[in-house]
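Only one structure is covered here, and it is reproduced in the block below.
Counting from 1, the numbers follow the sequence of the chain as shown.
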Amino acid sequence: MSDDDQLAEAARRAAAGRDRARKEPEPSLGKRLGQIGILGWAIVVPMLIGLFVGRWLDRTFESGVFFSAPLLMVGAVIGFWSAWKWMHRQ
C-alpha cells in the first residue's frame, strides 16, 4: 500500500469517527454515574445473597463459616460475570 493510499485511508477513518461522534454524543455525567451505580449493585447484590444464604446455612448446621465463605465467592463470581455481560451490551 502506498503512502497516498495509507493517508487516504486514515482520512476516511478520521471522517467516519467524526461522523459517529456527531451522531452519538458523549453520555452525560449523570448517565455515567448511573451506569457505575448499576454496575456496583450488579456485583454487590449477588454477593450479599450468597452471604445471607451462607450465614443461614451456617447457623442451621452450626458449621462456623463453612457455607458463608464459599457462597460469598460464588456470589462475587456471579456478580462480576453479570456486570461483565451488562458492560458488553452497553
Side-chain angles (χ1 to χ4, degrees):
M1 191 180 256
S2 72
D3 289 339
D4 291 336
D5 291 341
Q6 288 177 346
L7 185 59
E9 180 61 28
R12 276 193 290 275
R13 277 188 270 130
R18 281 192 305 273
D19 290 342
R20 192 171 42 253
R22 228 177 275 122
K23 291 175 185 173
E24 301 170 14
E26 184 71 22
S28 67
L29 177 62
K31 186 171 181 173
R32 291 286 184 181
L33 290 174
Q35 289 173 337
I36 292 169
I38 289 171
L39 284 175
W41 282 109
I43 295 168
V44 170
V45 168
M47 289 175 68
L48 288 175
I49 291 170
L51 184 63
F52 287 131
V53 170
R55 289 299 301 149
W56 177 76
L57 289 170
D58 285 336
R59 275 187 255 125
T60 301
F61 297 112
E62 298 176 3
S63 57
V65 293
F66 183 77
F67 292 106
S68 296
L71 288 178
L72 177 64
M73 294 300 121
V74 168
V77 168
I78 291 170
F80 282 113
W81 177 79
S82 67
W84 179 266
K85 296 292 279 185
W86 183 82
M87 283 186 341
H88 284 283
R89 275 181 282 177
Q90 295 300 315

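You'll find the side chain of Phe61 stays beyond 4.5 Å of the side chain of Phe66, heavy atoms only.
Partners of Arg18 by salt bridge (Lys or Arg N to Asp or Glu O under 4.0 Å), not counting sequence neighbours: none found. Every residue two or more places apart in sequence or in another chain that forms a side-chain contact (heavy atoms from CB on, under 4.5 Å) with Ala8 is listed here: Arg12. Partners of Val44 by side-chain contact (heavy atoms from CB on, under 4.5 Å), not counting sequence neighbours, listed by chain and number: Leu48. Here Ser63 pairs with Asp58 under the side chain to side chain donor-acceptor pair (under 3.5 Å) rule; sequence neighbours left out. Listed by chain and number, the residues in a side chain to side chain donor-acceptor pair (under 3.5 Å) with Arg89 amount to none (sequence neighbours excluded). Applying the side chain to side chain donor-acceptor pair (under 3.5 Å) test to Arg13 and every residue at least two apart in sequence or in another chain returns nothing.
Applying the ring pair (Phe, Tyr, Trp, His ring centres under 6.0 Å) definition to pairs two or more places apart or across chains, none involves residues 26-58. Sorted by first and then second residue, the pairs that involve residues 31-42 and meet salt bridge (charged side-chain N to carboxylate O under 4.0 Å, His left out), not counting sequence neighbours, are Glu26-Arg32.
Cluster partners of Ile78, using a side-chain heavy-atom cutoff of under 4.5 Å among ILVMFWY residues and allowing indirect links, are Val74. Here Val65 sits alone; no ILVMFWY side chain lies under 4.5 Å from its own, so it joins no hydrophobic cluster. Taking Ile, Leu, Val, Met, Phe, Trp and Tyr as members and joining any whose side-chain heavy atoms lie under 4.5 Å apart, directly or through other members, the hydrophobic cluster of Trp86 also contains Ile38, Leu39, Trp84, Met87.
Cluster annotation: Val77 and Val53 are assigned to distinct hydrophobic clusters (Ile/Leu/Val/Met/Phe/Trp/Tyr, side-chain heavy-atom contacts under 4.5 Å, transitive). Cluster annotation: Ile49 is connected to Leu71 through the hydrophobic network of ILVMFWY side chains, with a link wherever side-chain heavy atoms come within less than 4.5 Å.
With rounding to the nearest 0.5 Å, the separation of OG in Ser82 from CD1 in Ile43 is 7.5 Å. We find the CZ-CD distance between Arg59 and Glu62 to be 11.5 Å, quoted to the nearest 0.5 Å.
Pro46 and Gly79 make their closest contact through CG-CA, 3.8 Å (heavy atoms, listed as atom of the first residue, atom of the second, distance).
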